[in-house]
Amino acid sequence: MANELTKGTGRRKTAVAHVRLIAGSGKWTINGIDVERYIPSESLRAYINQPFAMTDLVGKYAVLVSAKGGGIAGQAGAMRHALSRALCAMDASYREVLKKAR
């Protein structure tokens, strides 16, 4: 994909998520499904957006996710981990901020 900025892989128990960041509107697409349909829980949606909130990047990137294994909560943890890794790959200075939220 030409406008792909970075990607990351995250794991949580048996769940694995691959995240691709694209310059855009902040829309999340998980396995081809809109985030509100895939993750109906508002608290889990806030959880996966924590890395964006901590780095003041909310709404600046579209996120494409491929997730498998585990349940929804485990996949959400894997997505959060993958997003953190993708952000650190983009700018290493984010690592210190994100590491505190472990």
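Just so it is clear, the structure is predicted and the values come from calculations on it, not from any experiment.
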Does one hydrophobic cluster hold both Ile48 and Val97, with members joined at side-chain heavy-atom distances below 4.5 Å?
yes
What's the separation between atom OG in Ser84 and atom CZ in Arg95, rounded to the nearest 0.5 Å?
10.5 Å
Which word best sums up how the rings of Trp28 and Phe52 line up, parallel for under 30°, tilted for 30 to 60°, or perpendicular for over 60°?
perpendicular
Residue pair Leu87 / Tyr94: nearest heavy atoms and the distance that separates them
O-CD1, 3.4 Å
Gly69 and Ala15 have their tightest heavy-atom pair at O-CB, 3.6 Å
Smallest separation among heavy atoms of Lys27 and Asp34, with atom names
CE-OD1, 3.7 Å
Sub-4.5 Å side-chain heavy-atom contact between Ser66 and Asn31
yes
Please say yes or no: joined through hydrophobic side-chain contacts below 4.5 Å, possibly via intermediate residues, are Leu21 and Val35 part of one cluster?
yes
Beyond-backbone contact of Val19 with Val63, side-chain heavy atoms, under 4.5 angstrom
yes
Are the side chains of Met79 and Ile39 in contact, using a 4.5 Å heavy-atom criterion?
yes
Before you tell me yes or no, could you show the steps for Arg45 and Glu42 under salt bridge (charged side-chain N to carboxylate O under 4.0 Å, His left out), namely the whole-Å CA-CA distance, both residues' side-chain angles and the distance that decides it to 0.1 Å?
CA-CA 5 Å; Arg45 289 197 306 267; Glu42 179 62 38; 2.6 Å; yes
Do you know the tightest heavy-atom contact between Met90 and Thr6?
CB-CG2, 4.1 Å
Measure the CG-OG1 distance between Asp91 and Thr55 for me, rounded to the nearest 0.5 Å.
9.0 Å
To the closest 0.5 Å, what do you measure between SG (Cys88) and CG (Leu98)?
5.0 Å
Glu96, CD: over 12 other non-hydrogen atoms inside 6.0 angstrom:
no
